[in-house]
Amino acid sequence: MVVRHDWSTAEIQALLELPLVELLWRAQAMHRQANPGYRVQLASLLSVKTGGCEEDCAYCPQSMHHSSDVTGRPELEVEPVLARARAAKEAGAHRFCMGWAWREIRDGAPFEAMLQMVRGVRELGMEACVTAGMLTDRQAGRLAEAGLTAYNHNLDTSPEHYDRIISTRTYQERLETLERVRQAGITMCCGGIIGMGESLTDRASLLQVLATMEPHPESVPINALVAVEGTPLEEQAPVDPLELVRMVATARILMPHSRVRLSAGREGMNREAQILCLLAGADSIFYGDTLLTTGNPDVAADRELLAAAGVTAWPEETADACAGPRECRS
Ligand code: SAM
Ligand code: DTB
Ligand code: SF4
């Protein structure tokens with residue numbers, strides 16, 4: 001399998017525009033080679049620090065610039081977070097992702113607590129992912145030392161569409177944060193959102209930035225906008241689920257070894273559309289009743305979804321774990 005890092009936006013747009021059956025066929029061929037068992041990683045999310053964020057991301061209910069901002073939710077402490085991680089593990093999750101609604105990480109007690117949470121999650125034998133905004137080299141180094149598996153920092157959209165979505169932080173700053181994560185030896189979780197008024201060329205352009213990274217991000221979350229009341233994007237029409245299928249399939253073709261995560265937006269999709277995404281190459285879902293502040297299908301529904309699709313969840317089958325070039329699956 002040839003893994004390329006020199007994709008042009010035009011080539012990617014041509015993939016996105018293929019007849020759906022053809023696109024699915026090509027994505028399937030890649031997916032079967034890279035993940036012959038069709039295994040799907042279950043990742044649970046927890047918002048540790050919710051709301052009051054200084055950034056003005058137009059999609060985000062946690063920005064202090066929007067009337068949707070959630071106030072008065074106390075920041076969670078180490079023990080309750082680890083209790084949630086244990087519960088997620090018992091429910092079958094293999095990765096535990098923790099979010100902080102921050103513009104950037106600052107040193108001090110909350111950061112020390114974050115490091116303890118990372119250590120605690122790793123001691124449970126789970127992968128640990130953190131998303132907390134920008135960070136310094138030293139903070140990235142300390143997170144790596146604590147055993148952090150992945151840092152999530154999304155590009156969200158194309159460089160061209162970005163200014164219509166966020167004004168308080170530049171695309172370049174995002175890329176620099178990602179580079180710090182890479183340099184520290186932490187795997188990169190980086191993806192975007194569709195349904196924010198972007199064109200097909202914007203989607204191709206976002207994927208071009210991701211697919212020309214070397215190495216590719218180990219994890220690529222593909223979100224469909226959850227249009228939350230009180231955010232500037234509250235009126236956005238829901239995306240056609242087949243658009244999400246196309247985005248997942250194209251990501252799979254471009255980045256064969258990356259974990260493509262079917263992320264926000266599943267609540268508005270029927271079972272068949274979600275199964276099409278699994279067929280198109282999604283090999284992870286967020287698992288648990290809530291994402292950060294919005295809803296997600298419940299655990300029982302997701303168990304039924306995976307059974308109906310005939311795919312296996314991690315960590316049941318870990319015999320050949322860590323055999324491939326992906327991030328550790330043990
Ligand atoms: N503050 C940190 C940051 O922005 O890096 C971490 C938390 S932030 C909520 C994580 C990601 O969630 C965002 O980059 C965005 O891609 C996604 N997200 C947030 N709100 C969303 C929404 N309403 N619909 C879809 N995705 C959303
Ligand atoms: C990602 O790309 N999607 C997740 C995770 N990374 C952190 C977050 C989705 C958040 C959806 C809106 C909310 O629940 O607040
Ligand atoms: Fe803050 Fe992250 Fe929400 Fe942007 S996406 S407003 S940085 S919490």
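When a ligand or atom number is given, it counts from 1 through the structure's own listing order.
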Query raised in the report: Quick one: nearest non-hydrogen protein atom to atom 3 (N) of ligand 2, plus distance?
Result: N223 OD1, 3.0 Å
Report summary line: Here the atoms of ligand 2 under 4.0 Å from any heavy atom belonging to P221 are 2 (O)
Query - Under 4.0 Å to a heavy atom of H153 - the qualifying atoms of ligand 1, by number - result: 5 (O)
Query - atom 5 (S) of ligand 3 touched by protein heavy atom at under 4.0 Å - result: yes
Query raised in the report: Judged by atom type as modelled, is there a donor-acceptor pair below 3.5 Å linking the side chain of H216 to the main-chain atoms of M255?
Result: no
Query raised in the report: ligand 1 versus I193, non-hydrogen atoms closer than 4.0 Å: side chain, backbone, both, neither?
Result: side chain
Query raised in the report: At what distance, to the nearest 0.5 angstrom, does CH2 of W7 lie from CG of L210?
Result: 13.5 Å
Query - Atoms in ligand 2 with a heavy atom of N152 nearer than 4.0 Å - result: 6 (N), 7 (C)
Query - A132 N/O under 3.5 Å from ligand 1 N/O - result: no
Report summary line: Atoms of ligand 1 under 4.0 Å from any heavy atom of D156, numbered from 1 in the order shown, are 13 (C), 14 (O), 15 (C), 16 (O)
Report task. Using a strict 4.0 Å threshold on nitrogen-to-oxygen distance, state whether K89 and E127 make a salt bridge. Result -> no
Query raised in the report: To which protein heavy atom is atom 1 (Fe) of ligand 3 closest, and what is the distance rounded to 0.1 Å?
Result: C53 SG, 2.3 Å
Query raised in the report: Atoms of ligand 1 less than 4.0 Å from N154 heavy atoms?
Result: 11 (C), 13 (C), 14 (O), 15 (C), 16 (O)
Query raised in the report: Which protein non-hydrogen atom lies closest to atom 3 (Fe) of ligand 3, naming both residue and atom, and how far is it?
Result: C60 SG, 2.3 Å
**Report entry** Part of V226 within contact of ligand 2 (heavy atoms, under 4.0 Å)
**Finding:** neither
Query raised in the report: Within the side chain of Y287, is there an N or O that forms a donor-acceptor pair under 3.5 Å with the backbone of R95?
Result: no
Requested in this report: Using a strict 4.0 Å threshold on nitrogen-to-oxygen distance, state whether R138 and D107 make a salt bridge.
Outcome: no
Query raised in the report: Does R271 CZ have over 12 foreign heavy atoms under 6.0 Å away?
Result: no
Report task. Consider only side-chain N and O atoms of S199 and D202, and report whether a donor and an acceptor are under 3.5 Å apart. Result -> yes
Report summary line: Within 4.0 Å of some non-hydrogen atom of L292, the atoms of ligand 2 are 8 (C), 13 (C), 14 (O), 15 (O)
**Report entry** Option nearest atom 20 (N) of ligand 1 (shortest heavy-atom distance, choices Y151, W102, W100, Y59)
**Finding:** Y59
**Report entry** Mode of T290 contact toward ligand 2 - side chain, backbone, both, neither (heavy atoms, under 4.0 Å)
**Finding:** neither
Requested in this report: Look only at interatomic distance and state if R174 has a nitrogen or oxygen under 3.5 Å from any nitrogen or oxygen of ligand 1.
Outcome: no
Report summary line: Note: ligand 3 atoms sitting under 4.0 Å from heavy atoms of R169 are 7 (S)
Query raised in the report: At a 4.0 Å threshold, what atoms of ligand 3 neighbour a non-hydrogen atom of A101?
Result: 8 (S)
**Report entry** G192 heavy atom under 4.0 Å from ligand 1
**Finding:** no
Report summary line: Taking every heavy atom of S284 against every heavy atom of R261, the minimum-distance pair comes out as OG-NH1, 2.8 Å
Query raised in the report: For atom 5 (C) of ligand 2, what is the nearest protein heavy atom, given as residue, atom name and distance?
Result: F286 CZ, 3.8 Å
Query - Crowding at CZ, R4 (>12 non-hydrogen neighbours, <6.0 Å) - result: yes
Query raised in the report: Between R169 and E176, does at least one N-O distance fall below 4.0 Å, as a salt bridge requires?
Result: no
Query raised in the report: Counting heavy atoms only, which part of T294 comes closer than 4.0 Å to ligand 2: side chain, backbone, both or neither?
Result: both
Requested in this report: May I ask you to decide if R39's main-chain N or O and N35's side chain share a donor-acceptor pair within less than 3.5 Å?
Outcome: yes
Requested in this report: Apply the side-chain hydrogen bond (donor to acceptor under 3.5 Å, both in side chains) test between D156 and each candidate in Y59, Y162, Y171; give the one that qualifies.
Outcome: Y59
Query - Basic-acidic side-chain contact under 4.0 Å: R84, E79 - result: no
Query raised in the report: Within less than 2.8 Å of atom 3 (Fe) of ligand 3, any N, O or S from C57?
Result: no
Query raised in the report: Judged by atom type as modelled, is there a donor-acceptor pair below 3.5 Å linking the side chain of K49 to the main-chain atoms of E75?
Result: no
Requested in this report: Among all protein heavy atoms, pick out the one at the shortest distance from atom 15 (O) of ligand 2; state its residue, atom name and that distance to 0.1 Å.
Outcome: T293 OG1, 2.6 Å
